[in-house]
Amino acid sequence: MAAPAEGQGGVERVELRFPVADRRQSPLAAVAELVAVVALALGLTWLVQQYVIKSYRIPSGSMRPTVEEGDRVLAARFLSWFGDPERGDVIVFHPPGVGDLPQRKARTEARVTFIKRVVGLPGETVQAVAGRVLICRAPRVACRVLHEPYARTYTDDFGPVTVPAKAYFVLGDNRVSSEDSRIWGTLPIRNVIGTAVVRYWPPRRFGIL
């Protein structure tokens with residue numbers, strides 16, 4: 001900034017200089033800033049995976065051909081805010097059990113994570129006869145055959161099983177190689193982690209579930 005001033009021989013320009021703040025950051029402040037940014041990023045990642053959406057790797061072939069062993073899917077946890085899973089949805093959950101072992105009628109959830117398809121809803125009776133899954137109002141009453149284009153293998157006879165309130169009957173799409181509700185019983189709704197919505201890996205198998 002300059003201001004005019006009078007002097008002998010004409011007008012003389014006087015330049016005013018203001019001190020400039022030293023913007024150099026100390027090493028300690030730089031480290032503290034980096035730590036804060038990393039902590040914020042980790043915190044946001046944890047929040048997203050805990051409450052919004054999380055990636056899972058498929059550990060077995062129990063859901064073939066929908067998902068193969070080694071595929072990765074995204075499970076939407078936020079969908080539970082708008083309602084419970086419906087019949088036909090593919091869900092990720094902890095089966096009832098103790099430790100790493102699924103167990104029928106266990107009051108706790110196992111640490112292992114499974115992915116299966118919702119077949120029976122609360123209050124329904126589910127059974128399989130001659131390779132077909134039936135959904136009934138009561139045991140052998142008002143039964144109808146469930147249309148299952150996703151299941152490519154034969155379903156051995158089971159049931160009838162009446163699904164309790166706040167529970168599901170779930171099956172793997174690959175019925176001949178699936179550890180599901182036929183073995184460890186119905187699945188409490190509270191054990192559901194989220195609904196699998198996208199198969200994203202490998203890229204050549206990308207698709208909506």
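Sequential numbering from 1 along the given sequence is applied to the chain's residues.
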Colleague: Verify the distance criterion only: is there a donor paired with an acceptor across the side chains of Ser181 and Thr186 at less than 3.5 Å?
Modeller: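 Ser181 vs Thr186: no donor-acceptor pair found between side chains.
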
Colleague: Quick one: closest heavy-atom pair of Ile189 and Pro122, and the distance?
Modeller: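 Heavy atoms of Ile189 and Pro122 come nearest at CD1-CG, 4.5 Å.
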
Colleague: Considering only heavy atoms from C-beta outward, does the side chain of Cys136 approach that of Val141 to under 4.5 Å?
Modeller: no

Colleague: For Tyr168, which residues count as a ring pair (Phe, Tyr, Trp, His ring centres under 6.0 Å) partner, sequence neighbours excluded?
Modeller: none

Colleague: Show which residues join Val145 in its hydrophobic cluster (side-chain heavy-atom contacts under 4.5 Å, direct or indirect), or state none.
Modeller: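 Answer for Val145: Val129, Leu134.
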
Colleague: If two hydrophobic side chains count as joined below 4.5 Å and joins carry through other members, does Val118 share a cluster with Val90?
Modeller: no

Colleague: Same cluster for Phe82 and Val192 if Ile/Leu/Val/Met/Phe/Trp/Tyr side chains link at under 4.5 Å?
Modeller: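 No.
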
Colleague: Distance-only, no hydrogens or angles: does the Arg199 side chain make a donor-acceptor pair with backbone N or O of Ile208 under 3.5 Å?
Modeller: no

Colleague: Does some side-chain heavy atom of Val198 sit less than 4.5 Å from a side-chain heavy atom of Val73?
Modeller: no

Colleague: Hey, is Arg64 close enough to Asp173 for a salt bridge, meaning N to O under 4.0 Å?
Modeller: no

Colleague: Could you report the tightest heavy-atom contact between Asp157 and Ala130, atom names first, then the distance?
Modeller: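 It is OD1-N, 2.9 Å.
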
Colleague: Taking side-chain contact (heavy atoms from CB on, under 4.5 Å) as the test, write out the residues that go with Ser177, two or more places apart.
Modeller: Asn174

Colleague: Taking atom CZ of Arg132 and atom OH of Tyr154, what is their separation to the nearest 0.5 Å?
Modeller: 10.0 Å

Colleague: Atom CD in Glu148, atom CZ in Arg117: separation rounded to 0.5 Å?
Modeller: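 Glu148 atom CD to Arg117 atom CZ measures 8.5 Å (nearest 0.5 Å).
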
Colleague: Could you measure the distance from the CE atom of Met63 to the CZ atom of Arg175? Nearest 0.5 Å is fine.
Modeller: 9.0 Å

Colleague: Check the hydrophobic clustering (I, L, V, M, F, W, Y; side-chain heavy atoms under 4.5 Å; chains of links allowed) and say if Leu101 and Val112 are grouped together.
Modeller: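 In one cluster: no.
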
Colleague: Check step by step if side chain to side chain contact (heavy atoms under 4.5 Å, CB included) holds for His94 and Arg111.
Modeller: CA-CA 6 Å; His94 295 296; Arg111 288 192 295 263; 5.8 Å; no

Colleague: Other than Ile135, what residues sit in its cluster of Ile, Leu, Val, Met, Phe, Trp and Tyr side chains whose heavy atoms are under 4.5 Å apart, directly or through others?
Modeller: Val119, Val126, Val133, Leu146, Tyr150, Phe158, Val161, Val163, Phe169, Leu171

Colleague: Are Ile183 and Pro102 packed together at the side-chain level, in the sense that at least one heavy-atom pair is separated by less than 4.5 angstrom?
Modeller: no

Colleague: If you take all heavy atoms of Thr125 and Pro160, which pair is closest and at what distance?
Modeller: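 Looking at all heavy atoms of both residues, the shortest contact is CG2-CB, 3.5 Å.
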
Colleague: For a side chain to side chain contact (heavy atoms under 4.5 Å, CB included) check, start with the C-alpha distance between Val67 and Ile58, then their side-chain angles and the critical distance, and finish with the verdict.
Modeller: CA-CA 7 Å; Val67 286; Ile58 306 304; 4.1 Å; yes

Colleague: Using a cut-off of 6.0 Å, state whether more than 12 heavy atoms not belonging to Arg104 lie near its atom CZ.
Modeller: yes

Colleague: Are Asn191 and Pro95 packed together at the side-chain level, in the sense that at least one heavy-atom pair is separated by less than 4.5 angstrom?
Modeller: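 Of all side-chain heavy-atom pairs linking Pro95 with Asn191, none is under 4.5 Å.
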
Colleague: Residues in side-chain hydrogen bond (donor to acceptor under 3.5 Å, both in side chains) with Arg137, at least two apart?
Modeller: none

Colleague: Output the distance between atom CZ (Arg57) and atom CD1 (Ile115), rounded to the nearest 0.5 Å.
Modeller: 12.5 Å

Colleague: Under the criterion side chain to side chain contact (heavy atoms under 4.5 Å, CB included), I'd like the reasoning laid out for Tyr56 against Thr113: C-alpha separation, chi angles, the key distance, then a yes or no.
Modeller: CA-CA 9 Å; Tyr56 289 93; Thr113 303; 4.0 Å; yes

Colleague: Does one hydrophobic cluster hold both Leu121 and Val170, with members joined at side-chain heavy-atom distances below 4.5 Å?
Modeller: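 Same cluster.
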
Colleague: With sequence neighbours left out, write down each residue that passes side-chain hydrogen bond (donor to acceptor under 3.5 Å, both in side chains) with Ser178, or none if nothing qualifies.
Modeller: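 Ser178 satisfies side-chain hydrogen bond (donor to acceptor under 3.5 Å, both in side chains) with Lys116, Asp180 only.
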
Colleague: What distance do Thr195 atom OG1 and Glu86 atom CD have between them, rounded to the nearest 0.5 Å?
Modeller: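 So the OG1 of Thr195 and the CD of Glu86 are separated by 9.0 Å.
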
Colleague: Does the side chain of Gln127 come within less than 4.5 Å of Pro139's, by heavy atoms?
Modeller: no

Colleague: Kindly compute the distance separating CZ (Phe114) from OG (Ser62), expressed to the nearest 0.5 Å.
Modeller: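 The CZ atom of Phe114 sits 8.0 Å away from the OG atom of Ser62.
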
Colleague: Indicate yes or no for a side-chain donor-acceptor contact from Trp184 to the backbone of Gly97 under 3.5 Å, with no hydrogens or angles considered.
Modeller: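 Checking the backbone N and O of Gly97 against the side chain of Trp184, no donor-acceptor pair under 3.5 Å is found.
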
